[in-house]
Each structure stands twice: as C-alpha cells, then as structure tokens.
Amino acid sequence: MEDLGTPVLDNHLHLDPAHGRGLDAVRDFARLGGTHLLVVNKPSWLLGVEPETGEDFRPVFETTIDVVEEATELLPGRAWPVLGVHPGLVSKLVDDRGFSPADASALMQAGLDCAAEYVAGGDALALKSGRPHYDVSDAVWEASNEVMRHAFSLGAEHGCAVQLHTEATDDLTEVAGWAEARGLSAHKVVKHYAGGTLAGPTPSVMSEKDRLEVAAESGEPFLMETDFVDDPDRPGMVLGPKTVPRRVRWLLESGYDAAVERAHVETPADVYGIDTRAALSR
C-alpha cells in the first residue's frame, strides 16, 4: 500500500457490491495511497427501488451503510456514508409515474427525512440533494428547489453538511443564500462535480488536472472527488477510484502541498467536522 504522507479523501463516489466493482474499487483506491471515502448512495431507481413513501428509501440507505462498514475495514482511515435523494428522481416520478411536481417534491422530501434519521443516529455523515442538471419545466424546477431547501433545513437541524447535484455553474450564491436563511452555513453546502472555483458553496472538484490546478491556485477551500459510479454498464463514465490518490501525488510533485492540506485536512474538518489525520490512527 502506497503512503503519500497525507490523508487522501475522495469526497464523492458510489459503491455497488452487488452489481459493480464494490470493494475491489476500495482496494484500488487504498493501494495507491487513498485513505478516506465519502460514499454516496446510488440513485434509488438503479437499485430497483420505486418509492411510494419516505420509508421506501430505507433499503437504499442501508445498502450504502453496509458497504461503508466493509470499506472502512480496507482503508488506512475510514469511509462515511452520505445519504439522500438524487434530484433526477423528480423526472422519474413526474414523467414515468404520473406524479404531479408537488407530489414528487413531497415524496422526495420524505426520503430526505428518512436519510436525516441516519445522520441524527450517527450512522451517516451528511445529506445529499440538489436539482436537475438538465432542462425541466418551471413547475418541476420549483419543486426541485423546494426539495433542496428542505435538505438545507434538515442540515441545519442536524448540524450536517449537504452535498448538491446541480447544473454546471461557477456561481451558486443564490442557493447558498437559501441555506443561510435556513440556518445552514454556506460552507457546509458542497457542490459535487464542481470546477476549480465556485461562488457560494464549497466546491467538490472533479479530479481532472486543469480543474485541480485552478482550485490549488485559488487559495480557497475545496475538496476532491471522482464521482465513480461503479456501474459495469458504464465503464468509462466519469473517473475511476484510483484517480484521487494519483492526482494527490501529482499535486505534491507540482509543489501544491498547501492545496493538498486544504483539500484533505482543513476543508473536511470545516465542512464535515471530521479529523482525517486522527482517523488514520483509529
């Protein structure tokens, strides 16, 4: 197992031991120097769950919690679950199942309530929400924003961060303002699949060299991720589990030691309240 001399955190990836690489992906990550993972539950429909109530999301969340426990056993540090409702579900509900946008929003908010129970019980670290990254009707857009605002209220209530899946943008100040209005600090809102800079929330930067160089040079807080989807039907989708440790090595070799400290120690502490260094000596 390679030791890069620093905690190495992938802030957003998925693990599917039943259909994908599962723990083999964790082994690849650890072998190259990876130490910590934030594992986000896969979209409910990809696990065969067609929810009617908030409780129907529970098997999705339990699947993620179980694989996180197994992943932790393979890591020098540990893994944490991030649980929530993928914003693309709104289209599945409205377009495929005939829900009204308001009813879809209510169901998705109930799913977030279920996810928040795991945060409250100490079994999950953060919540996941957002809005579609593709064109939708005004009614669906507003329904999605209501779901996201509800996630912010839950984050404030439980003192946890909220990861967002949104449209591609470098300015989410309005969204950060919604979080602040509900009592959740903007820095505890994390945009996954971000570019190198972002106004408003904390960017979780896709670990491509050009994006990372911008983030490193900015001097601002950031996280690193792959969004590994762990789907054998989409093997070239986004980045693989070896990418973050490889990019950390590249950043260190390029003299960006301070940026590595920022992304893998300082920002995780500020956003999630986790001590990645201490977790290495568990």
Which atoms form the tightest heavy-atom contact between [X] and [Y], and what is the distance?
X: S44; Y: F57; answer: OG-CE2, 4.0 Å
X: V119; Y: A126; answer: CG2-O, 4.1 Å
X: L184; Y: C160; answer: CD1-O, 3.4 Å

| task | Before giving the answer on side chain to side chain donor-acceptor pair (under 3.5 Å), spell out for D171 and T173 the whole-Å C-alpha distance, their side-chain angles and the decisive distance to 0.1 Å. | result | CA-CA 6 Å; D171 188 347; T173 50; 2.8 Å; yes
Under 3.5 Å, is there a donor-acceptor pair between the side chain of [X] and the main chain of [Y]?
X: R211; Y: A194; answer: yes
X: T243; Y: L239; answer: no
X: D135; Y: S137; answer: no
X: D16; Y: D230; answer: no
X: H133; Y: T166; answer: no
X: R21; Y: P17; answer: no
X: T202; Y: V190; answer: no
X: S105; Y: P101; answer: no
X: D56; Y: E52; answer: yes
X: T276; Y: H264; answer: yes

| Test side chain to side chain contact (heavy atoms under 4.5 Å, CB included) applied to V49 and K42, step by step | CA-CA 11 Å; V49 173; K42 292 188 78 167; over 6 Å; no
| Checking side chain to side chain contact (heavy atoms under 4.5 Å, CB included) for the pair V94/S100: CA distance, chi angles, key distance, verdict? | CA-CA 6 Å; V94 172; S100 70; over 6 Å; no
Quick one: do [X] and [Y] make a salt bridge, cutoff under 4.0 Å?
X: R277; Y: E261; value: yes
X: R97; Y: E50; value: yes
X: E213; Y: R247; value: no
X: R262; Y: E220; value: no

| request: Spell out, yes or no, whether V67 and L38 are grouped together once hydrophobic residues are joined by side-chain heavy atoms under 4.5 Å, including indirect joins. | output: no
| request: Could you state whether L75 and L223 fall into the same hydrophobic cluster, counting links through intermediate Ile, Leu, Val, Met, Phe, Trp or Tyr residues with side-chain heavy atoms under 4.5 angstrom apart? | output: no
Mind telling me whether [Y] and [X] have parallel, tilted or perpendicular rings, with 30° and 60° as the class edges?
X: H12; Y: H14; result: perpendicular
X: W45; Y: H86; result: perpendicular
X: H36; Y: W80; result: parallel

Beyond-backbone contact of [X] with [Y], side-chain heavy atoms, under 4.5 angstrom:
X: P76; Y: M1; answer: yes
X: S204; Y: F222; answer: no
X: M224; Y: L251; answer: yes
X: T6; Y: V248; answer: yes
X: Y118; Y: L127; answer: no
X: V238; Y: M206; answer: yes
X: S153; Y: Q109; answer: no
X: W250; Y: L252; answer: no

Taking atom [atom1] of [X] and atom [atom2] of [Y], what is their separation to the nearest 0.5 Å?
X: D113; Y: E157; atom1: CG; atom2: CD; value: 8.5 Å
X: K242; Y: D28; atom1: NZ; atom2: CG; value: 4.5 Å
X: L13; Y: T226; atom1: CG; atom2: OG1; value: 5.0 Å
X: K191; Y: L172; atom1: NZ; atom2: CG; value: 6.0 Å
X: L112; Y: L107; atom1: CG; atom2: CG; value: 10.0 Å

| Given the rule in the side chain to side chain donor-acceptor pair (under 3.5 Å) test, do Y272 and Q163 qualify, once you have shown the distances and angles that lead to the verdict? | CA-CA 11 Å; Y272 300 111; Q163 285 198 17; 3.1 Å; yes
| query | So H187 and D270, side chain to side chain contact (heavy atoms under 4.5 Å, CB included) or not? Walk me through it. | reply | CA-CA 8 Å; H187 78 278; D270 289 343; 4.3 Å; yes
| message | Checking I65 against E69 for the side chain to side chain contact (heavy atoms under 4.5 Å, CB included) test, could you report, in this order, the C-alpha distance in whole Å, the side-chain angles of both residues, the deciding distance, and whether it holds? | response | CA-CA 6 Å; I65 290 168; E69 289 180 1; 4.1 Å; yes
